[in-house]
Enquirer: 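Pasting a structure here, questions to come.
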Amino acid sequence: MADSEEHSNSPSDRPILASGVWKVFGKRVADAMAMARDKVDQSEILAKSGCVVAVQDATFEVNWGEIFVVMGLSGSGKSTLIRCLSRLVDATAGRIVINGQDLGEMPELELRELRRHTISMVFQNYGLFPHRRVIDNVAFGLEVRGATKEDRYQKAEEMIELVGLDGWASNYPEQLSGGMKQRVGLARALAVDPEILLFDEPFSALDPLIRRDMQDELLGLQERLRCTMVFITHDFSEALKLGDRIAIMRSGAIVQVGTPEEIVAHPADDYVRDFTIDVPRHKVLSAGTVMAGVSPDMVLEGEPVAVSARLDAILPRLLTEGRPVPVVDERGERCGVLEPAVVSRYLWRQ
Amino acid sequence: MTSLTVRSAGWRRPMAYLGGAVLLLGGLIVLLPEGIGAFPPEWDIGFGPAVNEVQQWWISNRRDLGVYLFFFDPLSDSIDWLLRAFENLLMAIPWYVHVAGVGVVFGRWLGRAGGLAAGAGMLYFVALGLWEQSVQTFSLMTVAVALAVAIGVPVGILAARSDWVFRGLRPVLDSMQTLPAFVYLIPVLLFFGVARVPSLIATVIYALPPVIRLTNLGIRQVPTESLEAGLMFGSTSGQLLRKVQLPQAVPSILAGVNQTIMMALSIVVIAAMIGAGGLGQEVLLALRHQEVGRAVEAGMAIVLMAVMLDRFSHSLVGQGRMGGAHHTEGLRYRYWWVAGGVLAALAIAGWTIGWTDYPTALQFSYAAPIDGAVDWARDNLYQLGNLPVGTGPFSDFLTTYGTRPMRLYLSEEAWPVVVLFFGFVAWWASGKKLLLGSVVGTVVIGLLGMWTLTMDTLSQTVVAVLMAIVIGLPLGVAASRRDWLERGMRPVLDTLQTIPSFCFLVPVVILFNVGRIPGIIASVLYAIPPVIRLTNLGIRSVDSEIVEASESFGVTRRQKLWKIQLPLAMPTVLAGINQTVMLVLAMVVIAGLVGGAGLGLEAVKGLARSDTGLGFEAGASIVILAMILDRITQGWAARFQPPSSDRG
Amino acid sequence: MSRRSTFKASLLLAAFSLVLAACGDDLGDVETIKLAVNPWDGSAVNIAVAAAVLEGEGYTVERVEIDENAQWAAIAAGDLHASLEVWPSGHADNVASYIDGGGGVVNGGELGAVGKIGWWIPTYVVDQNPAAGTWQGLQDPATAQVYATAETGDKGQFLIGDPSWVSYEQDIIDNLGLHLEVAYAGSEEALLAAMDSATSRGDPLLFYWWTPHSAFSKFDLTAFELPAYSDECYASGAVDCDYPDDVLFKIMWDGLEEGAPTAFTILSNFSYTNEDQIFMLGKLDEGLSVDEAAAAWMDANESVWQAWIPG
């Protein structure tokens with residue numbers, strides 16, 4: 001849904017392709033991997049081999065211009081996974097392809113170039129340089145790749161304005177609030193015009209209200225910039241709100257990948273289902289997911305709704321009218337019907 | 001079970017172990033055949049004579065060696081040149097410009113009161129007729145600290161980048177800090193000629209470790225995310241170091257520089273023994289003529305210099321952190337331009353009218369009352385009438401019932417028992433590794449031929465540490481309850497730690513007789529501040545919620561102290577005791593100068609007779625003893641740490 | 001005060017070359033003479049006098065405080081040029097390796113003053129108990145007990161100071177069968193403090209000391225009676241007699257004669273008597289600085305030091 005014009009999403013041309021990625025911390029790597037394959041419990045692996053299997057056999061791809069959320073509880077390996085994607089951590093096994101280039105085999109110099117021009121990252125605790133002013137933080141990426149002072153300050157000023165920090169350029173990070181610090185982190189990441197942005201739980205250290213603002217702002221930015229983003233979070237509602245697609249991790253393994261709606265509607269297992277319990281479903285599910293099939297000769301009254309319409313927009317009508325509502329596809333042809341009984345089963349998960 | 005182990009980890013189990021140890025040792029003493037006493041002297045491996053042979057060869061071949069012509073001599077000459085140039089520059093500027101200049105700098109950073117106090121401090125050097133000596137000491141120390149930084153920061157960076165280098169460096173740094181400077185004074189003389197260069201080098205050797213340690217620490221403490229951010233923008237490792245790691249390590253490095261300055265100042269007097277001159281020389285000269293007052297005047301000048309440099313470097317740390325965010329650039333610089341201009345004008349005025357010396361009429365001295373006080377103490381405190389009360393009887397008491405029996409027991413008892421006892425305590429405090437380390441260490445001491453002397457020193461150390469605890473702990477508790485006491489004690493403790501111990505060598509000998517006791521008293525004076533400070537700190541930093549909880553159960557003050565505050569403060573208190581042990585061992589050598597015997601006297605002999613081998617044997621024994629005692633007290637402190645919950 | 005000259009002379013490197021140019025060639029290549037000041041007053045006044053004379057001839061003099069043992073290596077290397085008061089009894093090894101062994105040091109002749117090491121006690125001790133002042137007396141444990149301390153138990157304490165001092169104490173005590181135990185005060189300062197403390201209360205104290213020394217003006221001391229010195233007693237290897245007289249001598253760097261011939265001659269000629277040195281030590285006790293004391297002696301004895309200066 002977010003294909004940009006200049007890229008196709010054929011397998012060879014995806015911004016990020018990960019297949020069979022493992023990360024094992026410790027010395028007896030092979031033993032640990034074998035045990036993990038046999039579904040041995042993490043703590044037992046640690047006890048027997050002294051190894052921690054942080055990521056096991058992760059396979060997924062990220063499409064151009066989408067926000068790909070990796071969601072999991074703490075210790076599920078999501079931070080390690082995102083570090084494998086930038087090779088801050090070397091994967092133990094598997095292949096990661098960025099823009100068609102194999103990350104694992106990339107020589108030091110090329111890796112540096114990739115980081116200077118293609119990938120950027122925003123960190124959980126901001127990762128700001130306390131000894132540099134806001135503007136020098138934002139200009140850092142440009143500075144290390146050799147931009148002139150004039151160029152980089154100009155670009156940095158633009159970015160500072162973009163994230164709404166005008167007037168704070170010559171302050172030091174410790175003089176800013178948490179939300180403002182993360183704006184600096186964001187501006188710093190954006191300043192190098194990256195194609196791929198990695199977010200490592202960027203908003204988890206913020207107050208709920210500020211977190212919501214930042215999420216909205218990120219979505220707004222994405223409207224304009226259309227980068228590819230990988231976003232790590234432990235907050236399922238944040239994942240639903242931001243993600244075009246979500247990967248759910250548990251004990252280092254990816255349990256399910258899908259759109260928010262797919263996950264809420266069809267959780268792969270109980271672990272995933274647990275997350276979805278408190279989700280306000282009417283905000284996630286769309287007519288297309290909950291509609292029942294319809295025979296062409298069935299007579300239906302009332303204004304039809306689109307397949308993509310969210311339930312929260314249709315519910316009042318469904319409840320007041322109390323009768324089935326027709327659903328039409330993009331071409332205006334009837335493709336299904338919303339039965340109050342079926343809808344309520346989805347909403348209350350019976 | 002769990003609740004039981006939590007408590008007994010700190011208190012009960014050690015008691016059981018101790019009981020076991022006593023039984024074990026008792027059994028050993030009974031079982032061991034008669035006639036095993038001190039470590040057999042014939043097992044001496046002759047390390048000292050070997051060192052002396054190397055030294056002798058070095059002396060006789062010195063003039064033909066290329067390293068001299070092309071390395072040591074030019075190095076020595078350039079350091080000497082630097083030192084003289086700096087000293088001459090400082091001396092050329094009239095004294096009142098220094099006073100005003102220091103006042104201006106401190107005034108800017110610490111406010112008007114700070115500026116005035118600093119100016120007054122500078123006036124002290126001039127008014128007591130210690131100006132030249134102070135300038136000399138200051139120059140030597142500045143150059144030494146500059147050298148230490150020039151060496152220490154790169155080495156610290158290396159250590160931070162490689163765990164391998166770091167692990168290799170640690171014992172070296174530990175040794176540099178515990179090896180008595182006396183031991184390497186002579187070799188340094190051999191390499192660097194005489195006078196100020198070798199004393200400067202000795203100062204650098206002694207004062208270098210903190211810079212290395214804290215540079216390493218500062219770089220290692222840079223938050224991972226900060227590093228990752230640096231890497232993620234494609235920094236080269238050089239860029240990462242320059243732009244990310246070093247700038248963030250600056251506060252830590254400056255803290256290291258601060259410690260280095262303090263350490264450099266603490267061996268000013270020892271450095272004077274090989275020609276450093278300056279305030280240290282003044283102290284030594286005063287002592288030679290038994291002028292305690294004059295020695296104290298010079299000693300206080302060293303304290304004052306330490307305090308001022310401490311404040312100065314602390315505010316440097318502050319400046320490093322804050323950058324210039326608060327002042328607009330123009331204003332910041334204008335202050336310095338104006339101040340600099342006025343000072344330059346003052347200097348030129350002074351040169352033109354030739355008024356650069358401090359008027360002798362305004363000189364000042366408080367030596368006489370101090371000398372009077374020493375005489376008074378000699379005549380009145382040594383013994384009160386015919387009562388067995390006074391410093392003299394106290395000294396005799398401590399000798400008869402403390403040091404002498406313990407020394408005789410330790411040095412005459414079968415040596416394997418002592419080795420095993422050490423091993424046992426080490427195992428109890430920390431574990432198998434330390435057990436092995438301490439057994440090997442104590443045997444090496446024996447092989448160096450230093451067994452009896454080490455036992456002598458050990459018995460003195462034990463007595464001194466116990467005295468420090470017995471006096472310091474209650475004082476710390478008292479200070480934790482009364483803010484005024486804490487405030488009042490602070491300058492006294494600071495002074496005790498910075499004033500050269502040499503200043504009170506004469507009074508302690510006069511009051512406590514030549515022998516082991518004056519050294520012990522001097523050690524206690526020098527080493528007591530950490531116990532007091534950290535007891536106070538430990539009690540004060542007990543979580544107020546816990547104290548309130550205990551009060552809600554209606555505890556008495558005594559119960560609160562014994563059941564809540566002291567147990568919780570124990571790790572901190574033990575950290576203080578650890579520091580005290582180290583400081584006492586650092587004083588061992590000085591104690592050798594007042595009849596302390598043991599390893600201290602041996603190290604003094606090494607210096608006095610140019611017997612470097614002997615000095616190294618004694619020094620190595622001190623280092624081994626210090627390391628064992630350090631690890632044991634640290635391990636002990638760790639046992640009192642409440643069990644921490646697993647990290648999530 | 002002693003630093004004044006150092007400072008003035010070394011103001012700028014350029015000034016050095018000017019001095020060199022101005023002073024002509026008879027001084028030699030070495031225009032700065034570095035003299036060793038050992039940690040006792042006698043050494044300090046000797047050097048003060050020598051410095052004044054050498055400076056009068058146009059040399060720059062630098063004084064370096066250094067231990068008497070450490071100075072040998074420094075002089076051998078040319079880092080120092082001369083030391084003017086060496087006590088032969090303490091330096092047999094150094095003489096053997098540095099002078100006789102051709103180790104870079106030459107004997108600069110006698111200082112003229114003669115020192116004497118010995119055992120000393122405060123005079124009041126013999127006044128009260130004459131036996132405590134003789135070696136025969138201390139063969140009796142009861143008499144030796146006078147000097148006992150908590151540290152030495154039932155034996156008497158014999159106090160020696162700096163461990164670098166030449167010492168035959170243990171030999172003498174063993175061979176004469178004295179009930180004494182040697183204790184180190186560790187330094188001259190500590191020994192002086194012990195004397196101060198003991199004499200203030202009239203306590204007995206037996207210790208190692210030497211003359212000439214300014215302490216004699218402060219304390220009333222009496223020599224302890226040991227068997228008289230004889231060459232045989234020392235040659236036998238089992239010393240059981242008093243110390244010999246120490247004929248003090250000077251040592252110099254072997255390159256000094258060539259590098260600074262005038263200075264070499266002056267220092268070689270440098271010589272005066274015990275009385276001269278004691279005169280200056282007395283001035284020190286009056287509160288004069290070393291240089292002032294030296295100047296006072298030079299004013300009164302111009303003919304003596306003028307005779308040291310060549311042609």
Side-chain angles (χ1 to χ4, degrees), chain B residues 56 59-60 62-63 81 84-85 87-88 91-92 132-133 136 185-186 189-190 193-195 272-275 277 281 284 287-290 375 378-379 382-383 395-397 399-400 404 505-507 509-511 513-516 518 591-597 600-601 604-605 607-610, chain C residues 1 3-4 6-7 10-13 34 36 39-41 44 62 64-74 76-80 94 97-98 101 103-104 149-153 157 159 162-165 183-194 196-198 200-201 214 218 284-285:
Chain B
Q56 201 51 49
I59 290 172
S60 36
R62 190 185 147 142
R63 277 188 281 189
W81 184 85
R84 281 164 198 274
E87 202 179 301
N88 292 340
M91 284 303 296
E132 286 184 27
Q133 289 90 329
Q136 272 179 4
L185 291 185
I186 295 290
L189 278 180
L190 286 179
V194 289
M273 291 181 158
I274 54 167
Q281 181 64 29
L284 289 179
L287 283 185
R288 195 186 303 156
H289 298 121
Q290 309 283 296
D375 285 346
R378 177 193 68 195
D379 297 337
Y382 187 85
Q383 189 164 11
S395 169
D396 288 351
F397 173 83
T399 306
T400 318
R404 198 174 140 92
L505 287 191
V506 168
V509 169
I510 288 180
L511 288 176
N513 291 333
V514 155
R516 291 170 177 85
L593 291 173
V594 288
L601 182 68
V604 174
K605 269 187 201 165
L607 172 68
R609 297 184 182 162
S610 294
Chain C
M1 262 297 138
R3 285 279 154 204
R4 218 63 188 118
T6 312
F7 158 64
S10 54
L11 250 176
L12 277 172
L13 279 183
K34 296 181 187 169
W40 60 85
D41 290 331
E62 196 172 306
V64 177
E65 290 277 348
I66 189 168
D67 178 83
E68 58 177 312
N69 276 293
Q71 70 186 358
W72 288 85
D79 290 333
L80 286 180
N94 287 325
S97 67
Y98 286 100
T149 65
E151 198 75 66
T152 56
Q157 173 185 260
L159 205 53
D162 192 318
S164 70
W165 295 344
Y184 278 94
S187 58
E188 185 179 338
E189 292 81 0
L191 186 45
L192 276 165
D196 181 41
S197 181
S200 77
R201 291 186 303 275
S214 59
K218 190 172 172 192
L284 290 189
D285 277 337

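Order of the sequence lines sets the chain letters (A, B, ...), proteins ahead of strands, with each chain counted from 1. We use all heavy atoms of the structure for the numbers below, so side chains are in, but hydrogens, waters and symmetry mates are not.
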Enquirer: At a heavy-atom separation under 4.5 Å, does C:D162 approach chain B through its side chain, its backbone, both, or neither?
Expert: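 Only the side chain of C:D162 comes within 4.5 Å of chain B.
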
Enquirer: What's the shortest heavy-atom distance between C:A190 and C:A185, and which atoms?
Expert: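 For C:A190 versus C:A185, the nearest heavy atoms are CB-O, 3.3 Å.
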
Enquirer: Looking just at side-chain N and O atoms, do C:S197 and C:R201 make a donor-acceptor pair shorter than 3.5 Å?
Expert: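 The criterion, which ignores hydrogens and geometry beyond distance, is satisfied for C:R201 and C:S197.
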
Enquirer: Select, from C:E68, C:E189, C:K218, the one with the greatest count of heavy-atom pairs under 4.5 Å involving chain B.
Expert: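 Between C:E68, C:E189, C:K218, the count favours C:E189.
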
Enquirer: Any chance you could measure C:N94, atom CG, to C:Q71, atom CD, to the nearest 0.5 Å?
Expert: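 Spacing of CG (C:N94) from CD (C:Q71) equals 8.5 Å.
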
Enquirer: In terms of heavy-atom pairs under 4.5 Å, which option from B:N513, B:L601, B:T400 contacts chain C the most?
Expert: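 Of B:N513, B:L601, B:T400, B:L601 has the most heavy-atom pairs under 4.5 Å with chain C.
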
Enquirer: Nearest 0.5 Å please: distance from the OG atom of C:S187 over to the CG atom of B:L287.
Expert: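 With rounding to 0.5 Å, OG (C:S187) is 8.0 Å from CG (B:L287).
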
Enquirer: Counting only heavy atoms closer than 4.5 Å, note whether C:A183 contacts chain B via side chain, backbone, both or neither.
Expert: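 Neither; nothing under 4.5 Å.
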
Enquirer: Which atoms form the tightest heavy-atom contact between B:V604 and C:G186, and what is the distance?
Expert: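 For B:V604 and C:G186, the tightest heavy-atom pair comes out as CG1-O, 4.2 Å.
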
Enquirer: Considering only heavy atoms, which portion of C:W72 lies under 4.5 Å from any heavy atom of chain B: side chain, backbone, both, or neither?
Expert: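 Neither part; nothing is under 4.5 Å.
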
Enquirer: For B:Y382, which atoms come within 4.5 Å of any heavy atom of chain C: side chain, backbone, both, or neither?
Expert: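 Only the side chain of B:Y382 comes within 4.5 Å of chain C.
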
Enquirer: Partners of C:S200 by side chain to side chain contact (heavy atoms under 4.5 Å, CB included), sequence neighbours excluded?
Expert: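 B:R378, B:D379.
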
Enquirer: Using non-hydrogen atoms and a 4.5 Å limit, figure out which bit of B:L284 sits close to chain C: side chain, backbone, both or neither.
Expert: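 Backbone of B:L284 only, per the 4.5 Å heavy-atom cut-off to chain C.
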
Enquirer: For residues C:T152 and B:R404, report the shortest heavy-atom separation together with the two atoms involved.
Expert: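 Residues C:T152 and B:R404, closest heavy atoms: C-NH1, 4.4 Å.
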
Enquirer: Is B:Q383 in contact with chain C via its backbone, its side chain, both, or neither, using a 4.5 Å heavy-atom distance?
Expert: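 Interface part for B:Q383: neither.
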
Enquirer: Against chain C, work out which of B:R288, B:R516, B:H289 has the most heavy-atom pairs shorter than 4.5 Å and name it.
Expert: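 When all of B:R288, B:R516, B:H289 are compared, B:R288 has the most.
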
Enquirer: Does any heavy atom of chain B fall under 4.5 Å from the side chain of C:D41, the backbone, both, or neither of them?
Expert: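 When you check distances to chain B, atoms from both the backbone and side chain of C:D41 fall under 4.5 Å.
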
